[in-house]
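Quick notes on the structure that follows.
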Amino acid sequence: MNTRKLLITGGAGFIGSNFVHYILENYSNIDVVVLDKLTYAGNLNNLDRWKTDSRFQFLKVDIADKQALSTTCKDLEFTEIVHFAAESHVDRSILGPEEFVKTNVMGTFFLLEIARERHQQSKLNRFLHVSTDEVYGTLGKEGFFTESTSYAPNSPYSASKAGSDHLVRSYFHTYGLPTITTNCSNNYGPFHFPEKLIPLIILNCIQRKPLPVYGKGNNIRDWLYVKDHCSAIFTALEKGKLGETYVIGTRNEKTNLEIVYKICELMDQKHPEGAPHKDLIQFVKDRAGHDFRYAIDPTKIESELGWKPKYNFENAIEETVDWFLENQSWWKDILSGEYKNYYEKVYQELK
Ligand code: NAD
Ligand code: TYD
(Lines give C-alpha, C1' and ligand atoms only; values in the text may rest on other atoms or scores of the structure.)
(Ligands and ions follow the chains in the order given, each with its own letter.)
Protein backbone atom coordinates (compact mmCIF):
# COMPACT_ATOMS: atom_id res chain seq x y z
CA MET A 1 0.00 0.00 0.00
CA ASN A 2 1.29 3.46 -0.95
CA THR A 3 1.14 6.37 1.47
CA ARG A 4 -0.27 8.55 -1.27
CA LYS A 5 -3.86 7.77 -2.21
CA LEU A 6 -6.13 9.76 -4.54
CA LEU A 7 -9.86 9.73 -3.93
CA ILE A 8 -11.27 10.17 -7.44
CA THR A 9 -14.98 10.98 -7.73
CA GLY A 10 -16.65 10.23 -11.06
CA GLY A 11 -13.77 7.91 -11.94
CA ALA A 12 -16.05 5.58 -13.92
CA GLY A 13 -16.98 8.37 -16.36
CA PHE A 14 -15.18 9.59 -19.46
CA ILE A 15 -12.45 11.90 -18.14
CA GLY A 16 -12.32 10.33 -14.68
CA SER A 17 -11.55 6.86 -16.07
CA ASN A 18 -8.88 8.28 -18.39
CA PHE A 19 -7.36 9.96 -15.33
CA VAL A 20 -7.37 6.67 -13.40
CA HIS A 21 -5.52 5.02 -16.31
CA TYR A 22 -3.08 7.92 -16.45
CA ILE A 23 -2.23 7.66 -12.74
CA LEU A 24 -2.03 3.87 -12.47
CA GLU A 25 -0.02 3.54 -15.69
CA ASN A 26 2.51 6.25 -14.80
CA TYR A 27 2.83 6.45 -11.01
CA SER A 28 3.46 3.21 -9.15
CA ASN A 29 3.73 5.18 -5.88
CA ILE A 30 0.09 6.31 -5.97
CA ASP A 31 -3.05 4.36 -5.01
CA VAL A 32 -6.51 5.22 -6.26
CA VAL A 33 -9.97 4.88 -4.79
CA VAL A 34 -12.84 5.69 -7.15
CA LEU A 35 -16.17 6.90 -5.78
CA ASP A 36 -18.93 6.83 -8.38
CA LYS A 37 -22.72 6.56 -8.41
CA LEU A 38 -22.65 4.72 -11.77
CA THR A 39 -25.29 6.89 -13.41
CA TYR A 40 -26.08 6.32 -17.10
CA ALA A 41 -22.64 7.88 -17.82
CA GLY A 42 -20.67 5.80 -15.33
CA ASN A 43 -19.36 2.49 -16.64
CA LEU A 44 -17.30 -0.06 -14.73
CA ASN A 45 -16.08 -1.49 -18.05
CA ASN A 46 -13.98 1.70 -18.35
CA LEU A 47 -11.97 0.51 -15.34
CA ASP A 48 -12.03 -3.22 -16.03
CA ARG A 49 -8.28 -3.58 -16.49
CA TRP A 50 -7.56 -2.46 -12.91
CA LYS A 51 -10.12 -4.54 -11.04
CA THR A 52 -7.54 -7.02 -9.70
CA ASP A 53 -4.79 -4.43 -9.10
CA SER A 54 -4.05 -3.90 -5.41
CA ARG A 55 -3.53 -0.17 -5.97
CA PHE A 56 -7.13 0.24 -7.18
CA GLN A 57 -10.41 0.27 -5.29
CA PHE A 58 -13.95 1.08 -6.45
CA LEU A 59 -16.85 2.13 -4.24
CA LYS A 60 -20.34 2.86 -5.49
CA VAL A 61 -21.75 5.96 -3.82
CA ASP A 62 -23.88 8.99 -4.62
CA ILE A 63 -21.99 12.14 -3.59
CA ALA A 64 -25.34 13.93 -3.24
CA ASP A 65 -26.32 11.46 -0.49
CA LYS A 66 -24.68 13.09 2.51
CA GLN A 67 -25.03 10.14 4.85
CA ALA A 68 -23.85 7.53 2.35
CA LEU A 69 -20.88 9.69 1.35
CA SER A 70 -19.86 10.27 4.93
CA THR A 71 -20.14 6.56 5.83
CA THR A 72 -18.15 5.56 2.74
CA CYS A 73 -15.35 8.04 3.39
CA LYS A 74 -15.07 7.37 7.14
CA ASP A 75 -12.43 4.64 6.99
CA LEU A 76 -10.75 5.61 3.72
CA GLU A 77 -7.18 6.76 4.10
CA PHE A 78 -6.95 9.13 1.12
CA THR A 79 -4.50 12.03 0.97
CA GLU A 80 -5.91 14.02 -1.97
CA ILE A 81 -9.27 14.42 -3.70
CA VAL A 82 -9.70 14.84 -7.45
CA HIS A 83 -13.35 15.69 -8.06
CA PHE A 84 -14.80 14.78 -11.47
CA ALA A 85 -18.26 13.50 -10.51
CA ALA A 86 -20.94 15.57 -12.17
CA GLU A 87 -23.90 15.53 -14.46
CA SER A 88 -22.09 16.71 -17.57
CA HIS A 89 -24.37 17.00 -20.61
CA VAL A 90 -25.83 20.40 -21.56
CA ASP A 91 -28.80 18.94 -23.49
CA ARG A 92 -29.83 16.80 -20.52
CA SER A 93 -29.58 19.85 -18.24
CA ILE A 94 -32.06 21.64 -20.51
CA LEU A 95 -34.47 18.68 -20.33
CA GLY A 96 -34.09 18.19 -16.55
CA PRO A 97 -31.94 20.54 -14.45
CA GLU A 98 -32.70 19.02 -11.05
CA GLU A 99 -30.09 16.25 -11.07
CA PHE A 100 -27.51 18.89 -12.07
CA VAL A 101 -28.22 20.98 -9.01
CA LYS A 102 -28.26 17.90 -6.77
CA THR A 103 -25.00 16.37 -7.95
CA ASN A 104 -22.99 19.36 -9.12
CA VAL A 105 -23.93 21.81 -6.37
CA MET A 106 -25.05 19.71 -3.39
CA GLY A 107 -22.71 16.81 -4.16
CA THR A 108 -19.73 19.15 -4.34
CA PHE A 109 -20.84 20.80 -1.11
CA PHE A 110 -21.03 17.45 0.74
CA LEU A 111 -17.62 16.47 -0.62
CA LEU A 112 -16.15 19.78 0.51
CA GLU A 113 -17.51 19.13 4.00
CA ILE A 114 -15.77 15.72 4.07
CA ALA A 115 -12.60 17.43 2.85
CA ARG A 116 -12.83 20.16 5.47
CA GLU A 117 -13.08 17.62 8.28
CA ARG A 118 -10.10 15.64 6.98
CA HIS A 119 -8.08 18.79 6.49
CA GLN A 120 -8.75 19.78 10.09
CA GLN A 121 -7.27 16.41 11.08
CA SER A 122 -4.21 17.22 8.88
CA LYS A 123 -5.04 14.25 6.65
CA LEU A 124 -5.78 16.02 3.36
CA ASN A 125 -3.16 17.69 1.18
CA ARG A 126 -5.18 18.79 -1.85
CA PHE A 127 -8.70 19.12 -3.23
CA LEU A 128 -8.63 19.48 -7.00
CA HIS A 129 -11.95 20.49 -8.50
CA VAL A 130 -12.44 19.71 -12.20
CA SER A 131 -14.64 22.27 -13.90
CA THR A 132 -15.48 23.63 -17.30
CA ASP A 133 -14.88 26.74 -19.38
CA GLU A 134 -18.67 26.86 -19.92
CA VAL A 135 -18.94 28.75 -16.60
CA TYR A 136 -17.64 31.80 -18.49
CA GLY A 137 -20.57 31.82 -20.90
CA THR A 138 -20.00 32.52 -24.55
CA LEU A 139 -17.37 34.38 -26.55
CA GLY A 140 -18.00 36.31 -29.74
CA LYS A 141 -15.60 35.98 -32.67
CA GLU A 142 -12.71 37.54 -30.72
CA GLY A 143 -11.01 36.95 -27.38
CA PHE A 144 -10.20 34.03 -25.06
CA PHE A 145 -11.20 32.74 -21.65
CA THR A 146 -8.54 33.21 -18.98
CA GLU A 147 -8.50 32.74 -15.20
CA SER A 148 -9.78 36.30 -14.78
CA THR A 149 -12.78 36.04 -17.12
CA SER A 150 -16.04 36.84 -15.32
CA TYR A 151 -18.53 34.07 -14.68
CA ALA A 152 -21.61 34.21 -16.97
CA PRO A 153 -23.07 30.68 -17.25
CA ASN A 154 -25.90 30.23 -19.75
CA SER A 155 -27.14 26.64 -19.31
CA PRO A 156 -28.38 24.85 -16.19
CA TYR A 157 -25.27 22.64 -16.55
CA SER A 158 -22.82 25.53 -16.59
CA ALA A 159 -24.74 27.36 -13.85
CA SER A 160 -24.50 24.31 -11.60
CA LYS A 161 -20.76 23.98 -12.32
CA ALA A 162 -20.33 27.72 -11.61
CA GLY A 163 -22.07 27.16 -8.27
CA SER A 164 -19.64 24.36 -7.45
CA ASP A 165 -16.64 26.53 -8.43
CA HIS A 166 -17.83 29.28 -6.08
CA LEU A 167 -18.26 26.83 -3.20
CA VAL A 168 -14.73 25.51 -3.76
CA ARG A 169 -13.37 29.05 -3.84
CA SER A 170 -15.18 29.91 -0.61
CA TYR A 171 -13.76 26.86 1.19
CA PHE A 172 -10.24 28.05 0.38
CA HIS A 173 -10.88 31.60 1.58
CA THR A 174 -13.03 30.72 4.59
CA TYR A 175 -11.56 27.47 5.89
CA GLY A 176 -8.13 27.39 4.29
CA LEU A 177 -8.98 24.18 2.42
CA PRO A 178 -6.08 23.45 0.02
CA THR A 179 -8.10 23.76 -3.19
CA ILE A 180 -7.17 24.08 -6.85
CA THR A 181 -9.76 24.51 -9.62
CA THR A 182 -9.23 23.69 -13.28
CA ASN A 183 -11.59 24.89 -16.03
CA CYS A 184 -11.04 23.10 -19.31
CA SER A 185 -12.49 23.16 -22.78
CA ASN A 186 -14.29 20.31 -24.60
CA ASN A 187 -12.53 16.96 -24.26
CA TYR A 188 -12.50 14.05 -26.73
CA GLY A 189 -10.91 10.59 -26.75
CA PRO A 190 -11.38 6.97 -25.57
CA PHE A 191 -14.37 6.13 -23.32
CA HIS A 192 -16.28 9.28 -24.37
CA PHE A 193 -19.98 8.69 -23.70
CA PRO A 194 -21.84 8.55 -27.07
CA GLU A 195 -24.23 11.44 -26.36
CA LYS A 196 -21.49 14.05 -26.95
CA LEU A 197 -20.71 15.43 -30.42
CA ILE A 198 -17.51 13.56 -31.38
CA PRO A 199 -18.44 10.00 -30.32
CA LEU A 200 -22.01 10.52 -31.53
CA ILE A 201 -20.81 11.42 -35.03
CA ILE A 202 -18.31 8.52 -35.14
CA LEU A 203 -20.91 5.97 -34.02
CA ASN A 204 -23.65 7.31 -36.29
CA CYS A 205 -21.23 7.06 -39.24
CA ILE A 206 -20.51 3.42 -38.37
CA GLN A 207 -24.26 2.73 -38.12
CA ARG A 208 -25.12 4.87 -41.18
CA LYS A 209 -27.46 7.00 -39.12
CA PRO A 210 -28.09 10.74 -39.69
CA LEU A 211 -25.39 13.06 -38.29
CA PRO A 212 -27.35 15.77 -36.44
CA VAL A 213 -25.72 19.21 -36.62
CA TYR A 214 -27.38 21.88 -34.47
CA GLY A 215 -28.29 25.12 -36.25
CA LYS A 216 -25.84 25.94 -39.01
CA GLY A 217 -22.92 24.07 -37.45
CA ASN A 218 -20.86 27.25 -37.06
CA ASN A 219 -20.57 27.19 -33.25
CA ILE A 220 -16.96 26.88 -32.13
CA ARG A 221 -15.44 24.63 -29.49
CA ASP A 222 -11.77 24.39 -28.45
CA TRP A 223 -11.08 20.63 -28.52
CA LEU A 224 -8.71 19.13 -25.92
CA TYR A 225 -7.50 15.53 -26.15
CA VAL A 226 -8.44 13.82 -22.90
CA LYS A 227 -4.89 12.46 -22.38
CA ASP A 228 -3.49 16.01 -22.48
CA HIS A 229 -6.21 17.04 -20.05
CA CYS A 230 -5.14 14.28 -17.63
CA SER A 231 -1.51 15.40 -17.66
CA ALA A 232 -2.65 18.99 -17.07
CA ILE A 233 -4.80 17.99 -14.09
CA PHE A 234 -1.92 16.03 -12.60
CA THR A 235 0.42 19.00 -13.15
CA ALA A 236 -2.06 21.29 -11.38
CA LEU A 237 -2.40 18.78 -8.53
CA GLU A 238 1.38 18.53 -8.12
CA LYS A 239 2.50 22.09 -8.74
CA GLY A 240 -0.59 24.31 -8.63
CA LYS A 241 -0.72 27.17 -6.17
CA LEU A 242 -3.39 26.66 -3.53
CA GLY A 243 -6.57 28.70 -4.01
CA GLU A 244 -5.76 29.28 -7.68
CA THR A 245 -7.60 28.47 -10.87
CA TYR A 246 -6.00 27.17 -14.07
CA VAL A 247 -7.75 27.14 -17.44
CA ILE A 248 -6.77 24.22 -19.68
CA GLY A 249 -6.88 24.03 -23.47
CA THR A 250 -4.62 23.45 -26.46
CA ARG A 251 -5.50 26.31 -28.86
CA ASN A 252 -7.54 24.02 -31.07
CA GLU A 253 -10.68 25.86 -32.14
CA LYS A 254 -12.96 24.21 -34.69
CA THR A 255 -16.50 24.84 -35.87
CA ASN A 256 -18.83 21.91 -35.29
CA LEU A 257 -19.09 21.45 -39.04
CA GLU A 258 -15.28 21.23 -39.35
CA ILE A 259 -15.31 18.48 -36.71
CA VAL A 260 -18.08 16.58 -38.47
CA TYR A 261 -16.36 16.84 -41.88
CA LYS A 262 -13.04 15.67 -40.38
CA ILE A 263 -14.69 12.60 -38.84
CA CYS A 264 -16.52 11.84 -42.12
CA GLU A 265 -13.19 12.04 -43.98
CA LEU A 266 -11.52 9.62 -41.55
CA MET A 267 -14.50 7.27 -41.68
CA ASP A 268 -14.38 7.27 -45.50
CA GLN A 269 -10.81 5.93 -45.27
CA LYS A 270 -11.22 3.54 -42.35
CA HIS A 271 -14.80 2.37 -42.82
CA PRO A 272 -15.54 2.74 -46.55
CA GLU A 273 -18.95 1.08 -46.30
CA GLY A 274 -21.32 4.05 -46.28
CA ALA A 275 -18.87 6.55 -47.87
CA PRO A 276 -19.18 9.42 -48.49
CA HIS A 277 -20.28 9.75 -44.87
CA LYS A 278 -20.85 13.48 -45.22
CA ASP A 279 -24.07 12.64 -47.08
CA LEU A 280 -25.43 11.61 -43.67
CA ILE A 281 -25.20 15.18 -42.30
CA GLN A 282 -28.56 16.55 -41.24
CA PHE A 283 -29.02 20.13 -40.01
CA VAL A 284 -31.44 20.05 -37.07
CA LYS A 285 -33.05 22.41 -34.56
CA ASP A 286 -30.57 24.55 -32.66
CA ARG A 287 -29.95 24.07 -28.94
CA ALA A 288 -31.74 26.56 -26.64
CA GLY A 289 -29.28 29.19 -25.38
CA HIS A 290 -26.52 27.66 -27.54
CA ASP A 291 -23.18 29.27 -26.64
CA PHE A 292 -21.47 30.46 -29.82
CA ARG A 293 -17.79 30.06 -29.06
CA TYR A 294 -15.45 28.73 -26.36
CA ALA A 295 -11.67 29.31 -26.56
CA ILE A 296 -9.01 29.00 -23.88
CA ASP A 297 -5.79 30.92 -23.39
CA PRO A 298 -3.68 28.37 -21.42
CA THR A 299 -0.69 30.70 -20.86
CA LYS A 300 -0.88 30.51 -17.05
CA ILE A 301 -0.63 26.72 -16.70
CA GLU A 302 2.05 26.66 -19.41
CA SER A 303 4.23 29.42 -18.05
CA GLU A 304 3.73 29.04 -14.29
CA LEU A 305 3.51 25.24 -14.06
CA GLY A 306 5.45 24.24 -17.18
CA TRP A 307 2.63 22.08 -18.62
CA LYS A 308 2.77 21.25 -22.31
CA PRO A 309 0.35 19.11 -24.34
CA LYS A 310 1.79 16.01 -26.06
CA TYR A 311 -0.77 15.44 -28.81
CA ASN A 312 -1.89 17.33 -31.89
CA PHE A 313 -5.44 17.31 -33.19
CA GLU A 314 -4.74 15.45 -36.45
CA ASN A 315 -3.20 12.46 -34.64
CA ALA A 316 -5.50 12.50 -31.64
CA ILE A 317 -8.76 12.59 -33.62
CA GLU A 318 -7.49 9.70 -35.73
CA GLU A 319 -6.52 7.77 -32.57
CA THR A 320 -10.04 8.47 -31.24
CA VAL A 321 -11.77 7.19 -34.39
CA ASP A 322 -9.55 4.07 -34.28
CA TRP A 323 -10.44 3.51 -30.63
CA PHE A 324 -14.17 3.48 -31.39
CA LEU A 325 -13.62 1.18 -34.40
CA GLU A 326 -11.57 -1.21 -32.27
CA ASN A 327 -13.80 -1.18 -29.18
CA GLN A 328 -17.17 -2.05 -30.63
CA SER A 329 -18.30 -4.17 -27.69
CA TRP A 330 -17.74 -1.17 -25.37
CA TRP A 331 -20.17 1.08 -27.23
CA LYS A 332 -22.57 -1.63 -28.40
CA ASP A 333 -23.19 -2.41 -24.75
CA ILE A 334 -24.10 1.24 -24.11
CA LEU A 335 -26.19 1.64 -27.26
CA SER A 336 -28.29 -1.42 -26.43
CA GLY A 337 -29.17 -0.20 -22.93
CA GLU A 338 -31.28 2.67 -21.59
CA TYR A 339 -29.33 5.17 -23.69
CA LYS A 340 -30.96 3.82 -26.86
CA ASN A 341 -34.42 5.06 -25.79
CA TYR A 342 -33.00 8.42 -24.70
CA TYR A 343 -31.27 9.00 -28.03
CA GLU A 344 -34.26 7.95 -30.17
CA LYS A 345 -36.51 10.35 -28.22
CA VAL A 346 -34.07 13.27 -28.39
CA TYR A 347 -33.42 12.74 -32.10
CA GLN A 348 -37.18 12.71 -32.90
CA GLU A 349 -37.50 16.09 -31.18
CA LEU A 350 -34.49 17.56 -33.02
CA LYS A 351 -35.66 16.71 -36.53
P1 NAD B 1 -19.21 11.91 -17.57
O2 NAD B 1 -20.66 12.31 -17.63
O3 NAD B 1 -18.64 11.07 -18.62
O4 NAD B 1 -18.93 11.17 -16.18
C5 NAD B 1 -19.43 11.63 -14.97
C6 NAD B 1 -19.19 10.56 -13.91
O7 NAD B 1 -19.68 11.05 -12.66
C8 NAD B 1 -19.93 9.25 -14.19
O9 NAD B 1 -19.09 8.15 -13.93
C10 NAD B 1 -21.10 9.28 -13.23
O11 NAD B 1 -21.55 7.99 -12.85
C12 NAD B 1 -20.50 10.05 -12.06
N13 NAD B 1 -21.54 10.70 -11.26
C14 NAD B 1 -22.56 11.49 -11.69
N15 NAD B 1 -23.33 11.86 -10.65
C16 NAD B 1 -22.76 11.33 -9.54
C17 NAD B 1 -23.09 11.37 -8.16
N18 NAD B 1 -24.17 12.02 -7.71
N19 NAD B 1 -22.28 10.72 -7.29
C20 NAD B 1 -21.19 10.04 -7.72
N21 NAD B 1 -20.84 9.95 -9.02
C22 NAD B 1 -21.62 10.59 -9.92
O23 NAD B 1 -18.45 13.29 -17.42
P24 NAD B 1 -17.00 13.72 -17.98
O25 NAD B 1 -17.14 14.19 -19.35
O26 NAD B 1 -16.03 12.63 -17.65
O27 NAD B 1 -16.71 14.98 -17.06
C28 NAD B 1 -15.99 14.86 -15.83
C29 NAD B 1 -15.85 16.24 -15.21
O30 NAD B 1 -15.19 17.12 -16.11
C31 NAD B 1 -17.20 16.90 -14.89
O32 NAD B 1 -17.08 17.56 -13.67
C33 NAD B 1 -17.40 17.89 -16.03
O34 NAD B 1 -18.17 19.00 -15.61
C35 NAD B 1 -15.96 18.29 -16.33
N36 NAD B 1 -15.72 18.72 -17.72
C37 NAD B 1 -15.99 17.89 -18.77
C38 NAD B 1 -15.72 18.33 -20.07
C39 NAD B 1 -15.94 17.43 -21.25
O40 NAD B 1 -15.65 17.86 -22.39
N41 NAD B 1 -16.39 16.19 -21.10
C42 NAD B 1 -15.22 19.61 -20.29
C43 NAD B 1 -15.01 20.45 -19.19
C44 NAD B 1 -15.23 19.98 -17.91
P1 TYD C 1 -21.34 18.66 -26.80
O2 TYD C 1 -20.45 17.54 -27.21
O3 TYD C 1 -22.70 18.33 -26.26
O4 TYD C 1 -20.52 19.56 -25.79
P5 TYD C 1 -20.88 21.03 -25.16
O6 TYD C 1 -22.31 21.30 -25.41
O7 TYD C 1 -20.58 20.83 -23.72
O8 TYD C 1 -19.96 21.99 -25.84
O9 TYD C 1 -21.55 19.60 -28.06
C10 TYD C 1 -20.45 20.18 -28.74
C11 TYD C 1 -21.02 21.09 -29.82
O12 TYD C 1 -21.67 20.28 -30.81
C13 TYD C 1 -22.07 22.06 -29.33
O14 TYD C 1 -21.93 23.29 -30.02
C15 TYD C 1 -23.39 21.40 -29.68
C16 TYD C 1 -23.05 20.63 -30.95
N17 TYD C 1 -23.79 19.38 -31.19
C18 TYD C 1 -24.37 19.12 -32.45
O19 TYD C 1 -24.29 19.96 -33.37
N20 TYD C 1 -25.00 17.94 -32.62
C21 TYD C 1 -25.12 17.00 -31.64
O22 TYD C 1 -25.77 15.93 -31.87
C23 TYD C 1 -24.52 17.27 -30.37
C24 TYD C 1 -24.61 16.26 -29.24
C25 TYD C 1 -23.85 18.47 -30.19
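In listed order, ligands and their atoms are each counted from 1.
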Practice task
Test the R118-F78 pair against the cation-pi criterion, namely NZ or CZ under 6.0 angstrom from the six-membered ring centroid and within 45° of the ring axis.
Solution key: yes
Practice task
Determine, for D62 against K37, whether the closest basic-nitrogen to carboxylate-oxygen distance falls under 4.0 angstrom.
Solution key: yes
Handout entry: Salt bridge E319-K270, side-chain N to carboxylate O under 4.0 Å
Key = no
So, does [X] use its side chain to make a donor-acceptor pair with the main chain of [Y] at under 3.5 Å?
X	Y	value
E195	H89	no
K51	F58	no
Y246	K241	yes

Exercise for the section: Test ring pair (Phe, Tyr, Trp, His ring centres under 6.0 Å) on F127 and Y171 and set out the steps. Expected result: CA-CA 10 Å; F127 183 109; Y171 272 60; 8.4 Å; no
Any protein N or O within less than 3.5 Å of an N or O in ligand 1? List each pair with its distance, or say none.
residue  : atom   : partner : partner atom : Å
ligand 1 : 2 (O)  : S88     : OG           : 2.7
ligand 1 : 3 (O)  : F14     : N            : 3.0
ligand 1 : 9 (O)  : G13     : N            : 2.9
ligand 1 : 9 (O)  : D36     : OD1          : 3.2
ligand 1 : 9 (O)  : D36     : OD2          : 2.6
ligand 1 : 11 (O) : D36     : OD1          : 2.5
ligand 1 : 11 (O) : L38     : N            : 3.4
ligand 1 : 11 (O) : T39     : N            : 3.0
ligand 1 : 11 (O) : T39     : OG1          : 3.1
ligand 1 : 18 (N) : D62     : OD1          : 2.8
ligand 1 : 18 (N) : T103    : OG1          : 2.9
ligand 1 : 19 (N) : I63     : N            : 2.9
ligand 1 : 21 (N) : K37     : N            : 3.0
ligand 1 : 23 (O) : S88     : OG           : 3.3
ligand 1 : 26 (O) : F14     : N            : 3.3
ligand 1 : 26 (O) : I15     : N            : 2.7
ligand 1 : 32 (O) : F84     : O            : 2.8
ligand 1 : 32 (O) : K161    : NZ           : 2.6
ligand 1 : 34 (O) : Y157    : OH           : 2.7
ligand 1 : 34 (O) : K161    : NZ           : 3.1
ligand 1 : 40 (O) : N187    : N            : 2.8

Between ligand 2 and the protein, which N/O pairs are shorter than 3.5 Å?
residue  : atom   : partner : partner atom : Å
ligand 2 : 2 (O)  : L197    : N            : 2.9
ligand 2 : 3 (O)  : R287    : NH2          : 3.1
ligand 2 : 4 (O)  : N186    : ND2          : 3.2
ligand 2 : 6 (O)  : R287    : NH1          : 2.5
ligand 2 : 6 (O)  : R287    : NH2          : 3.2
ligand 2 : 7 (O)  : E134    : OE2          : 2.6
ligand 2 : 8 (O)  : N186    : ND2          : 2.8
ligand 2 : 8 (O)  : R221    : NE           : 2.7
ligand 2 : 12 (O) : N256    : ND2          : 3.3
ligand 2 : 14 (O) : R221    : NH2          : 3.3
ligand 2 : 14 (O) : N256    : ND2          : 2.9
ligand 2 : 14 (O) : H290    : NE2          : 2.7
ligand 2 : 19 (O) : Y214    : N            : 2.9
ligand 2 : 20 (N) : P212    : O            : 2.8
ligand 2 : 22 (O) : P212    : O            : 3.4

Would you tabulate the side-chain donor-acceptor contacts of residues 132-140 under 3.5 Å, counting partners in other chains and residues two or more places apart, or write 'none'?
residue : atom : partner : partner atom : Å
T132    : OG1  : E134    : N            : 2.9
E134    : OE1  : Y294    : OH           : 3.3
T138    : OG1  : F292    : N            : 2.8
T138    : OG1  : R293    : N            : 3.2

Fill in the blank from the handout: Those residues at least two apart in sequence (or on a different chain) that pass ring pair (Phe, Tyr, Trp, His ring centres under 6.0 Å) with H229 are none
